[in-house]
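Note that these values count all heavy atoms, side chains included, but never hydrogens, waters or copies made by symmetry. In this chain, numbering begins with 1 at the start of the sequence shown.
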Amino acid sequence: MLNYQHIKIPQDGEKIRIVNNRLKVPKNPIIAFIEGDGTGPDIWRASKRVFDAAVEKAFNGKKKISWMEIYAGEKAVALYGNNAWLPDETVEAIKEFSVAIKGPLTTPIGGGIRSLNVSLRQLLDLFACVRPVKYYAGTPSPMKKPQDMNIVIFRENTEDVYSGIEFKSDTEDSNKLIDFINESFNKKIRKPSGIGIKPMSEFGSSRLVKKAIEFARDNKRGSVTLVHKGNIMKFTEGSFKEWGYKVATSEFRELVVTEDELWSQYNGKMPEGKILIKDRIADSMFQQLLLRPSEYEVVATPNLNGDYLSDAAAAQVGGLGIAPGANMSYTTAIFEATHGTAPKYANQDKVNPGSVILSGVMMFNFIGWGKVSRIIEKAMKKTIKSKVVTYDFARLLKNSKEVKCSEFASEIIKNM
């Protein structure tokens, strides 16, 4: 193991190992956590209690998590100094220990790091942002049938506009690039303009779609939808669609049926045990998730589309307060709250910890402890249905009982 400056490795835990590109999880795995900024410490404390209680209930003390704190955001700057929002040893610790979970982080204002979350994804090559969106009975929702929504969004994490290749308007770099494009390719970009470059590769697109299809296969999901804006951006978004179909039909030929094949070969009747591969234009997909959400199960999308789509879908089932997420490769994953830091509520023990708790559900599934996930999810469903909820839900539910963040965790533990 590496020597760390401030990170303390738990002596009672063992490292998760990677064998043949798969996790080998001991009975006492070391899992890294970042509390987060703003409301992060409140929701982390509540979530950790839920996790530990569920592990105890699932395994009667025969297994446990050895938690290891690592640092990013404001706490890292206070500890390491020198404007160290994301210390090198934090990145190295995630590489070494494979699995981490985190609260929301502040994005530093001004130059330097664009986003701590984006930096972690790129430094660790966490190419898939995975966002499950489903309804828990009793959650306030603007939809007539929110229970029809049950999708998992796979969003490409390393390319597209989030690759960070952009140039400020009226600078030497942007003007030089505009001149080059106008002169070399006979384009007419006006000056001054900000310039952003949107790279999308077959490699990046294909591995994302492959991971989405594998998830559908392993979780008995019946369709994977490629979401793109290929009618306009033909050589980026359009290529994403083409590469997606290519990987589906070359690597999963015995498993998949394309939408064209469904009608040309099967008369519109889906053969049993197969996965339907289809695609939708991005703007149409927003409408589809509002009007016909039950027709979609797994969604694979480039970065920016997935960013919009995952938050919009979450709004249909109760909002980001209970929206889980993960950034992952095959052997490394960071599970995280998908909402912001909400600094005005910091240290008030007020906000909903559901996003981190449900991200923990994803984490336990990732390490093969599905029994823990089922205990947490079942208890959370029971708690929400009983209308004992934090303020964000209480203000929208009649006859509800508003409780603090820590009290909501206690209620979930009681309902296990």
Side-chain angles (χ1 to χ4, degrees), residues 15-25 29-34 36 47 51 65 68 70 72 86 90-105 115-134 151-160 162-163 203-219 221 224 244 247 298-303 305-307 309-310 314 323-338 355-370 372-373:
K15 186 162 63 171
I16 293 171
R17 294 188 297 121
I18 311 298
V19 179
N20 296 326
N21 220 28
R22 291 181 176 272
L23 301 184
K24 192 167 181 60
V25 181
I30 296 171
I31 291 182
F33 73 91
I34 298 170
S47 300
F51 300 154
I65 300 293
M68 178 179 75
I70 60 177
L86 183 59
T90 292
V91 177
E92 291 306 315
I94 297 171
K95 286 180 184 176
E96 182 176 2
F97 292 93
S98 299
V99 179
I101 187 166
K102 59 179 276 300
L105 289 172
S115 160
L116 296 176
N117 292 327
V118 172
S119 296
L120 281 167
R121 294 166 192 168
Q122 293 179 342
L123 289 167
L124 295 162
D125 197 28
L126 302 177
F127 64 86
C129 177
V130 184
R131 294 278 295 271
V133 184
K134 69 177 181 180
I151 64 170
V152 180
I153 297 172
F154 281 74
R155 166 190 170 206
E156 205 288 320
N157 237 354
T158 63
E159 300 186 326
D160 198 359
Y162 270 49
S163 58
F203 173 81
S205 301
S206 297
R207 67 176 176 173
L208 184 277
V209 174
K210 180 179 178 181
K211 194 163 183 64
I213 296 172
E214 288 170 342
F215 176 88
R217 177 197 65 197
D218 297 342
N219 292 274
R221 297 268 179 153
V224 175
V247 76
V298 177
V299 173
T301 134
N303 191 293
N305 293 334
D307 198 3
L309 204 59
S310 53
N327 297 291
M328 59 175 63
S329 64
Y330 282 100
T331 57
T332 306
I334 301 175
F335 300 85
E336 64 177 1
T338 57
S355 182
V356 170
I357 291 172
L358 290 174
S359 296
V361 168
M362 295 178 70
M363 179 187 75
F364 286 116
N365 282 328
F366 183 74
I367 67 171
W369 289 13
V372 179
S373 298

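- For the pair Ile65/Phe51, no side-chain contact is recorded, criterion being any heavy-atom separation below 4.5 Å from C-beta on.
- Side-chain contact check for Ser329 and Asp125: no donor-acceptor pair (N or O, by modelled atom type) lies under 3.5 Å.
- Side-chain atoms of Asn327 never come within 3.5 Å of backbone atoms of Leu126 as a donor-acceptor pair (strictly under, hydrogens ignored).
- Thr158 places a side-chain heavy atom less than 4.5 Å from the side chain of Arg207.
- Of the inter-residue distances, the one linking Arg22 atom CZ with Arg17 atom CZ reads 15.0 Å to the nearest 0.5 angstrom.
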Is there a side-chain contact (heavy atoms from CB on, under 4.5 Å) between Ile34 and Ile334? Walk through the geometry before answering.
CA-CA 10 Å; Ile34 298 170; Ile334 301 175; over 6 Å; no
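- Of all the heavy atoms in Ile101 and Val356, the pair that sits closest is CD1-O, 4.0 Å.
- Using a 4.5 Å heavy-atom cutoff, the side chains of Lys95 and Leu124 are in contact.
- Between Asn117 atom CG and Leu86 atom CG the span is 10.0 Å, to the nearest 0.5 Å.
- The main-chain N or O of Ala323 is found under 3.5 Å from a side-chain atom of Ser355 such that the two form a donor-acceptor pair.
- Contact annotation: the side chain of Trp369 approaches that of Val25 to within less than 4.5 Å [non-hydrogen atoms, C-beta and beyond].
- Smallest separation of non-hydrogen atoms from Ile18 and Ser98: CD1-OG, 3.6 Å.
- Contact record, Tyr330 with Phe366: O-CZ, 4.1 Å, taken as the closest heavy-atom pair.
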Val224 vs Phe154, test: side-chain contact (heavy atoms from CB on, under 4.5 Å). Steps then yes/no.
CA-CA 10 Å; Val224 175; Phe154 281 74; over 6 Å; no
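- Put simply, the side chain of Arg155 gets close to the backbone of Asn303: a donor and an acceptor are under 3.5 Å apart.
- Side-chain contact check for Val118 versus Arg121: some heavy-atom pair is nearer than 4.5 Å.
- For the pair Ile30/Ile16, no side-chain contact is recorded, criterion being any heavy-atom separation below 4.5 Å from C-beta on.
- Taking both residues in full, the closest heavy atoms of Glu156 and Gly204 are given as CG-O, 3.8 Å, listed atom of the first, atom of the second, then distance.
- For the pair Ser359 (side chain) and Pro324 (backbone), a donor-acceptor distance under 3.5 Å is absent.
- A salt bridge is defined here as a Lys NZ or Arg NE, NH1 or NH2 lying under 4.0 Å from an Asp or Glu carboxylate O, and Lys211 with Glu214 fails to meet this definition.
- Of all non-hydrogen atoms in Val209 and Ala300, the two that sit nearest each other are CG2-CB, 4.3 Å.
- Here the CD-CD1 distance, from Glu92 to Ile70, works out to 11.5 Å after rounding to the nearest 0.5 Å.
- The distance from the CZ atom of Phe335 to the CE atom of Met328 is 4.0 Å, given to the nearest 0.5 Å.
- Not a single donor-acceptor pair under 3.5 Å links the side chain of Thr90 to the backbone N or O of Ala72.
- Here CD1 of Ile153 is found 10.0 Å from CG of Asp307. Values are rounded to the nearest 0.5 Å.
- With hydrogens and angles disregarded, a donor-acceptor distance shorter than 3.5 Å links the side chain of Ser163 to the backbone of Asp160.
- In this structure, the side chains of Ile94 and Leu123 stay at 4.5 Å or more apart for every pair of heavy atoms.
- A distance of 8.0 Å separates CD of Glu336 from CZ of Arg131, quoted to the nearest 0.5 Å.
- Contact record, Asn365 with Gly370: OD1-CA, 3.5 Å, taken as the closest heavy-atom pair.
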